Each structure stands twice: as structure tokens, then as C-alpha cells.
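Notes to accompany the following structure.
Worth saying up front: this structure is predicted, and the values here are computed from it rather than measured. Numbered from 1 within each chain, the chains take letters A, B, ... in sequence-line order.
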Amino acid sequence: MNQPAEPKRILVVEDEDNIAVALDYLMTREGYSQQRIATGAGAVELIRETRPDLVLLDVMLPEVSGYEICQNVRLDPALNDVKILMMTARGSAMERRKGLAMGADGFISKPFELKALRAEVRRILAGEPADDSPDTSRAPGEARHA
Amino acid sequence: MLDRLGLRLRILLFFALLAGGAVLAVAAGLAVAGRHGGLPPEAVQGALVAGFAILGLVVWVWFLFDHNVARAIDTLAAAIRARAHAGIERDLAAEAKAARYLGDLAPAAEAVTRSLIETRSALAESVARETTRLAAEKSRLETLLADVPVAVLLCSAEHQLAFYNGQAVDILGGGTAPGLDRNLLDYLREGPIRHAYDRLAGAGDPDAASDLLCATVTGARLLAGRMRVLRRREEGVAPGYVLTLRDVTADIAAHTSRDALLSEVFDRVRRPAANLQTVIGVLSELEGAEDAPDLSAAMRAEIEALTLAITELGARYDAIQSDWRPLVNTRSGDLLDGLKGRFQADGLGLETESLDLILQVDGFEIVAFWAWLAGKIAAEGLARAFRIVIEEEDGPGAVMRLCWQGEPLSVGRLDGWLPGAMGRDTGELTARAVLQTHGTEAWPEAGEGCNAVVMPIRSVRRAGRRPPPLSRKVVYDFDLLSKARNAAVADTRLEDLTLVVFDTETTGLSPSSDAVVQIAAVRLVNGKRVESEVFDTLVDPGRPIPPSSTDVHGITDSMVVGAPDIAEAGRRFHKFAEGAVLVAHNAPFDMEFLRRQEGAIGKVFDHPILDTVLLSAVVYGQLEQHSLDALTARLGITIPEEARHTAIGDTIATADAFLKLVPMLKARGLETFGQVVAEVRKHGRLLKDLNG
């Protein structure tokens with residue numbers, strides 16, 4: 001595995017402690033440096049301050065929703081380099097579309113395979129487009145101009 | 001002045017005048033005779049006697065005249081008037097006896113009144129018969145509607161109730177029971193009703209119906225219904241409508257609670273399972289395989305299976321979530337028209353753009369949603385002019401997009417609005433509930449030069465040509481219920497026969513080498529053509545159709561591609577004609593084509609047969625022309641040019657001709673099928689009769 005000179009920095013926005021702890025271990029093991037914030041409020045400010053390479057963003061957060069955080073990050077041109085991977089425990093196709101429409105780079109439904117999460121994080125950090133696996137395609141399809 | 005006096009008084013005056021004149025004449029004669037001297041007393045006595053005799057005579061004649069003429073005429077006149085105006089039915093015998101010296105007057109009056117009475121009682125009888133029949137039909141209809149397990153309501157355009165059944169009382173009751181001429185909107189929330197009515201009345205298609213979902217005013221019941229606007233009867237009067245309603249409160253409550261339960265199951269199981277999955281996964285990776293590799297593998301396999309189960313079940317639940325909700329095929333044009341109306345009413349501008357699509361949505365809810373959202377955006381000061389675009393997507397869906405020029409809307413704000421009630425028209429209904437019903441989401445998006453809120457619609461298809469309106473009339477003929485069935489066709493009266501009139505088009509004129517390319521048929525029941533019972537099919541002849549035949553019937557080789565072959569079409573036609581008498585114009589021609597194929601069809605065409613050529617010969621004599629054109633021309637039936645030589649056009653013409661021939665045959669005393677066939681046999685020289 002090609003380890004970059006400086007480890008990539010990942011911000012986990014997740015209100016559930018148990019999964020946050022697990023993600024902490026996982027990301028650290030993968031060689032990323034990670035930080036966590038447990039509420040939606042203040043997340044955008046923290047992102048602006050720390051400029052992480054990737055935000056692992058839960059949709060269902062107290063106070064401010066993941067959608068809103070995502071939209072606000074995308075509205076700030078200075079944060080263009082920040083990648084966002086959204087996570088939700090209610091992964092309906094419509095929510096996925098909403099997340100991607102808000103500017104997320106990826107969308108992963110809980111529960112997920114560690115393998116899938118790892119691959120998705122790696123893909124996004126490498127700046128590759130979404131592949132065709134069901135977890136990343138834009139089902140059921142983008143608007144087609146008729 | 002004299003003509004104002006009564007008849008008897010006038011006659012009395014005549015006779016008084018006559019008596020007075022005669023007495024004066026006698027007195028004058030006496031005076032002239034006695035001018036030159038005294039009269040002998042005998043002369044005076046004689047004159048007196050003559051005078052009295054004249055008086056007596058006049059009085060006697062007057063009396064006879066008064067009794068036998070004046071009073072008789074008066075009595076007769078009064079009796080006739082009584083019969084004319086008062087509906088007295090006793091005959092004029094007593095009056096006629098009194099008027100026996102008036103020549104033919106009394107018998108004539110008697111005849112007139114008798115015929116009046118007869119006409120009147122015949123009329124009364126037929127009115128009574130008709131009334132009984134109507135009452136019987138009405139009560140049958142009432143029974144029918146009373147037993148229908150849905151509420152049936154008939155309303156005027158102003159939503160005043162004109163008819164309702166018992167179920168309607170149950171469904172609408174609660175507060176005041178429904179009553180005639182009460183307003184339906186006192187019982188039901190008006191939004192969905194008005195929306196459906198405006199859409200249907202605007203469409204002007206009497207066969208169109210609209211499904212709708214509405215709530216009672218109290219919100220206690222949720223009703224699923226179907227509205228059909230009645231045919232416009234009078235110019236300038238908006239047509240009323242029929243509304244059928246079914247109480248789906250319990251259904252929807254059950255579905256909703258089951259839905260909520262399922263949703264909660266997934267929600268509560270998914271989170272811990274997801275967390276467990278991650279924790280266990282990380283844990284087992286951290287520990288490596290040193291301690292207990294098999295245990296670690298077992299744990300991971302189990303949690304993987306659980307994860308998979310939840311993911312798959314969740315996806316399936318997601319897919320069917322909105323399936324049971326009564327969404328309706330709605331035309332994009334109708335939806336956009338509804339939106340334009342609402343936006344205009346709210347003082348907001350709206351442009352629309354869409355292909356002609358059929359969306360599976362609750363039109364009323366969708367219109368309410370966008371109107372509510374635009375109102376919110378306008379109140380926010382973002383825009384007052386909007387554009388709604390419906391775009392197809394790959395797959396079965398489409399997106400609806402509400403666009404405006406102006407500041408964008410934040411997703412947090414939009415999500416914050418969604419749980420609120422949308423307004424007065426929609427009661428408790430929230431925007432979130434609308435999204436849930438349609439299994440969708442809504443979010444803001446920035447497009448080129450404009451901002452938008454996007455809502456995917458899950459099921460959309462291109463609108464084809466509107467399918468030909470299915471005749472959905474209730475087909476009924478109550479006379480069938482009271483018809484005594486005759487066992488033998490021969491004894492059945494013509495108008496009681498069930499007939500199937502048919503016609504075929506062929507590749508040519510020779511039954512041995514040509515084949516059928518089209519069969520059409522209609523049914524005649526109870527002396528009427530049943531409009532909705534039509535058989536019409538192309539048939540693949542299994543050989544090229546010569547251009548000369550195509551010139552006649554317009555059927556080409558490409559038209560019959562994929563059509564059933566004669567075996568299949570023949571079977572279906574046999575089924576259609578089951579138990580009926582077949583009627584055709586020049587039946588031997590068509591029957592020969594069918595009977596040659598009986599082997600392939602697997603059925604025998606042993607129906608009794610009538611031929612309109614032969615019936616025409618019976619009615620008009622053999623010397624007339626009996627072609628279908630000549631016959632229909634004689635009977636005043638026009639075949640539209642485009643229908644001539646199509647199987648169905650000729651069939652309908654033949655059927656109409658047959659129906660006009662029936663009364664002519666009856667006028668010749670030919671009432672039953674047997675009598676007609678016997679008469680037809682006499683014309684056997686013209687054509688072969690096919691009934692054995």
C-alpha cells in the first residue's frame with residue numbers, strides 16, 4: 001500500500017459513540033489520522049478550521065442534519081478539496097439521491113462491510129469517480145433531459 | 001244579446017213571440033172586420049176561441065220542443081262536457097234516450113264519447129303499465145344500489161346531493177345525516193372533490209373517471225372514491241357527477257400502523273446491527289487470527305449474515321413501501337393545469353414544461369405540496385415567479401422540479417418545513433406525509449442560472465394515444481328478467497331471439513381457394529343492438545392478400561401480421577355466437593368460409609341462420625334489388641363511406657336493416673322464427689336457405 005508522506009486526515013461526524021470508536025480504530029489502522037465530532041452543530045466550523053481530506057458524515061445527527069452540513073460545505077468554495085462520504089442507517093434510494101444531490105462524493109448505507117467502507121474511503125481520497133457497485137451508483141439514475 | 005241567453009230561454013222566447021204574434025194577428029183581423037160597424041158577438045167568440053186554440057197549440061208545441069229538443073240538447077251537452085272534463089266513464093245511454101228525437105246527434109255523441117273513453121282508458125292502462133314497469137325497474141335499481149357495498153352519491157355541479165344510498169348515510173353520517181339537496185362539501189373536505197371535478201369537467205370526456213382519496217370534514221374517516229361526471233344535459237348548466245366512496249380508514253390505519261411497525265423494526269435493528277458489525281469487524285481484525293481463528297470467523301460470518309438480511313429486507317421494504325397507497329394514473333397536463341390554477345389563485349406566477357406523461361401520483365396531494373412549497377418560498381422572499389418542469393429519467397421514474405430565479409433555499413430550512421401541516425385545504429396532511437406516500441424525497445438543487453427544489457416521481461410512463469374509451473356503462477335490460485324463455489327457437493318471436501349479426505372480409509370470392517381476413521359481429525338482444533357487445537378481429541389468412549381484395553376492404557398483408565389465424569379467430573367467434581341465431585347478408589357466402597374451417601376451429605357452426613337477402617325478398621318481392629346497399633338505401637340506413645366494406649361497418653348496417661325488417665315481417669303475419677323460415681323457403685330459388 002502506498003502510504004503518503006503525511007497521513008490523510010479524516011473527520012468523523014457521528015453521534016453514536018460505539019461505531020465512532022470502531023471507526024477510530026479502523027481509520028487509524030488504515031494509516032489515516034482521525035478526529036471525531038459527535039454533533040452536527042459546529043461541524044461546518046470544525047471542517048473550515050481543520051480542512052480534513054475526508055469527512056465521514058452521518059445523516060441523522062442531533063441539531064443539524066448531515067444534508068445541511070454537506071450543503072454548507074459545498075457552498076463554500078474554499079472547502080472544495082474536502083471530500084464527503086455520507087453514511088446513513090436508512091439507505092433508501094431516494095435518500096442516496098438526496099445525499100449525492102447535496103454534493104456528497106459517496107454514500108454508504110449502514111450496516112456496511114468494512115471492506116466496502118475501506119474501498120470507498122480509498123476511492124474517494126484517490127479522487128476516482130464512483131464505480132458501478134450498488135453502493136455507489138446513482139440509482140435510479142440521473143435526470144435525463146428529454 | 002240574444003246569443004247570451006240559454007238555449008231553453010231562447011226557444012221559449014221564440015214560442016212566446018209566435019204566440020203573441022198569432023194572438024195579435026187574430027185581434028187585428030177582428031178589428032179590421034169590425035171597422036164598419038159592430039161585429040156580431042159570434043165573431044168575437046170565434047176569434048177568442050181561435051186565439052186560445054192558437055195559444056194552447058203553441059204552448060203544447062213549445063212544451064214538446066222544450067222537452068225533446070232544448071232540454072235534450074242541454075242534457076247531452078252537459079253529459080259530453082262531463083265526459084270531456086270530469087273523466088266520467090258511464091256511457092250516454094240515458095241521455096241518448098232523452099235525445100231520441102234529435103236524429104243522429106245522440107248516437108254520434110255516444111260514439112264520440114265511447115271512443116274518447118276507450119282512448120282514455122287505453123292511455124290510462126298503458127300509463128299504468130309503464131308506471132308499474134318503471135316502478136319495478138326503480139325498485140330493482142334501488143335494491144341493486146342498496147346492496148352495493150360502496151356509497152353511491154349523485155351530486156349537482158354545485159355539490160348538492162341528488163341521490164345517495166344507505167352506505168352513503170353510514171359513511172357520511174356522524175354529524176347530520178346526509179339529505180337530499182344538502183351540500184356534499186358539508187360532509188367531505190372540499191379539496192380533493194373540487195380538484196377531481198374541475199379536472200373531469202374540464203376534460204369533457206364523459207367516459208373519464210377520476211380516483212380520489214378524501215377525508216370527512218371531521219377527519220374521522222378516510223375515503224377512497226371514484227368520480228364520473230355526467231353527460232351535459234342542458235347548455236349552460238354545469239353537469240353533475242356520480243361519486244362512489246369506500247371507507248378505507250381501517251385499511252389505511254392498518255397499513256399505516258404495520259408500516260410504522262416495520263419501519264421501526266428496521267430502524268431499531270439496523271443501528272445496533274450496523275454498529276455491531278463495525279465493532280466486531282474491527283475487533284477481529286485487531287486481534288488477528290492468533291487466539292481463536294475459528295470463533296472469530298464464526299462471529300464475522302454470523303454478523304455478515306445479519307447485515308445482509310437487514311440490508312436486503314430493508315431494500316425490499318423500501319421498494320414496496322408506497323405500493324398499497326391508492327395512487328392514480330394522472331396526466332402531466334392535468335397536473336400542471338391544476339398547479340397553474342392554484343398558483344394563480346395564490347398570486348404567484350407559474351410556467352410549466354413537460355412531455356405528455358402519465359404519472360402515478362395522488363394529483364391532489366402533489367398540487368397541494370408544490371403550491372404550499374411555493375407559498376413558503378415566496379413568504380421567505382426568495383421569489384414570486386416559478387417554473388415547474390417534469391423530466392423523464394432513465395428507468396421508470398421522472399423528476400419534478402420547482403425552479404425560481406433568486407436566492408437558493410437551504411436543505412436545513414426545507415427539511416424544517418416538511419413536518420408542518422400544509423394548510424386549510426389539506427387538514428392535518430404534512431408535506432413529509434406527501435413525500436412518504438409517494439415513496440420519495442425532496443431537496444434543493446442549484447441549476448444553471450436558477451435554483452430549484454427537486455422531487456423524484458417513482459413511476460411515470462409516456463402517454464400514448466389515449467386508449468379508446470372503454471364503454472363502461474352499466475349494461476342492463478331489465479326486460480330480460482321478465483322474459484319467458486321459449487324452448488324451441490322456431491316458436492320464438494323474432495324480437496325475443498338473441499341474434500348475432502356478422503360479416504366477413506376475405507382474400508377473394510372462392511371459398512375453396514380464398515380465406516377470411518376479418519370477422520366482425522354484433523349482438524341483438526330483446527330487439528335492440530347491444531352497443532358494447534362487439535366482436536371485431538383481423539384474421540391472418542396464411543396467404544398473401546391480392547391487391548384487388550385490398551382495394552375492396554383496405555386490409556393489407558402487414559395489417560394481419562400477428563393477428564390470430566382462422567382456427568383461433570373462429571373459436572373466439574363461435575364463443576361469441578354461442579346460443580344465438582346467426583344473421584348475415586348473403587349468409588351462404590360467409591357460412592361457407594366458416595364451415596370449411598370447422599375442422600381447424602374444432603367447433604361446428606350449427607346455429608339457426610337468417611339471411612337478410614331472403615328477408616328482403618319476403619318483404620319487397622323477388623324482383624327488387626337485394627344488395628346490402630340497395631336494401632339499406634330502401635330502409636333509410638346510411639353506411640358511412642369509411643365504414644363501407646369494413647366487416648364491422650357492414651355488420652352494423654346489416655343489423656340495423658334486420659331490426660327494420662322485423663316489424664315489416666310482423667305486419668305480414670310472420671311473427672316467429674319458424675314462420676319466417678317457412679316463408680323464406682318459398683324464396684329458395686333466390687338463395688339457399690341454410691336451416692337444413
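Summarising the geometry, atom OG belonging to Ser410(B) is positioned 9.0 Å from atom CG belonging to Leu75(A); distances are rounded to the nearest 0.5 Å. How far CD of Glu445(B) is from CZ of Arg97(A): 8.5 Å, rounded to the nearest 0.5 Å.
Note: Thr440(B) leads Thr440(B), Leu435(B), Leu414(B) in heavy-atom pairs under 4.5 Å with chain A.
Looking at Pro408(B), neither its backbone nor its side chain comes within 4.5 Å of chain A, counting heavy atoms on both sides. The part of Arg118(A) that comes within reach of chain B is its side chain, from C-beta onward, which places non-hydrogen atoms under 4.5 angstrom from that chain. Contact annotation for Ala446(B): neither backbone nor side-chain heavy atoms come within less than 4.5 Å of a heavy atom of chain A.
Heavy-atom neighbours of Glu407(B) CD from other residues, nucleotides or ligands within 6.0 Å: at or below the threshold of 12. More than 12 heavy atoms of other residues, nucleotides or ligands lie within 6.0 Å of CD in Glu45(A), so this atom counts as buried by the packing criterion.
Panel note: side chain Glu16(A), backbone Asn275(B); no donor-acceptor pair is recorded below 3.5 Å. Although no hydrogens or angles enter the test, the distance criterion places a donor-acceptor pair under 3.5 Å between the side chain of Lys98(A) and the main chain of Ala442(B). With hydrogens and angles ignored, the 3.5 Å screen pairs a side-chain donor or acceptor of Arg270(B) with a backbone N or O of Lys110(A).
Heavy atoms only, all atoms of each residue included: Ala22(A) and Thr278(B) are closest at CB-CG2, 3.7 Å. In plain terms, the two heavy atoms of Pro111(A) and Ala274(B) that are nearest each other are CB-CA, 3.4 Å. The minimum heavy-atom distance between Val282(B) and Tyr25(A), with the atom names listed, is CG1-CB, 3.3 Å.
In this structure, Gln277(B) and Glu113(A) have side chains that are in contact, with non-hydrogen atoms separated by less than 4.5 Å.
Between Trp443(B) and the choices Glu95(A), Gln71(A), Met102(A), the side-chain contact (heavy atoms from CB on, under 4.5 Å) rule is met once, by Met102(A).
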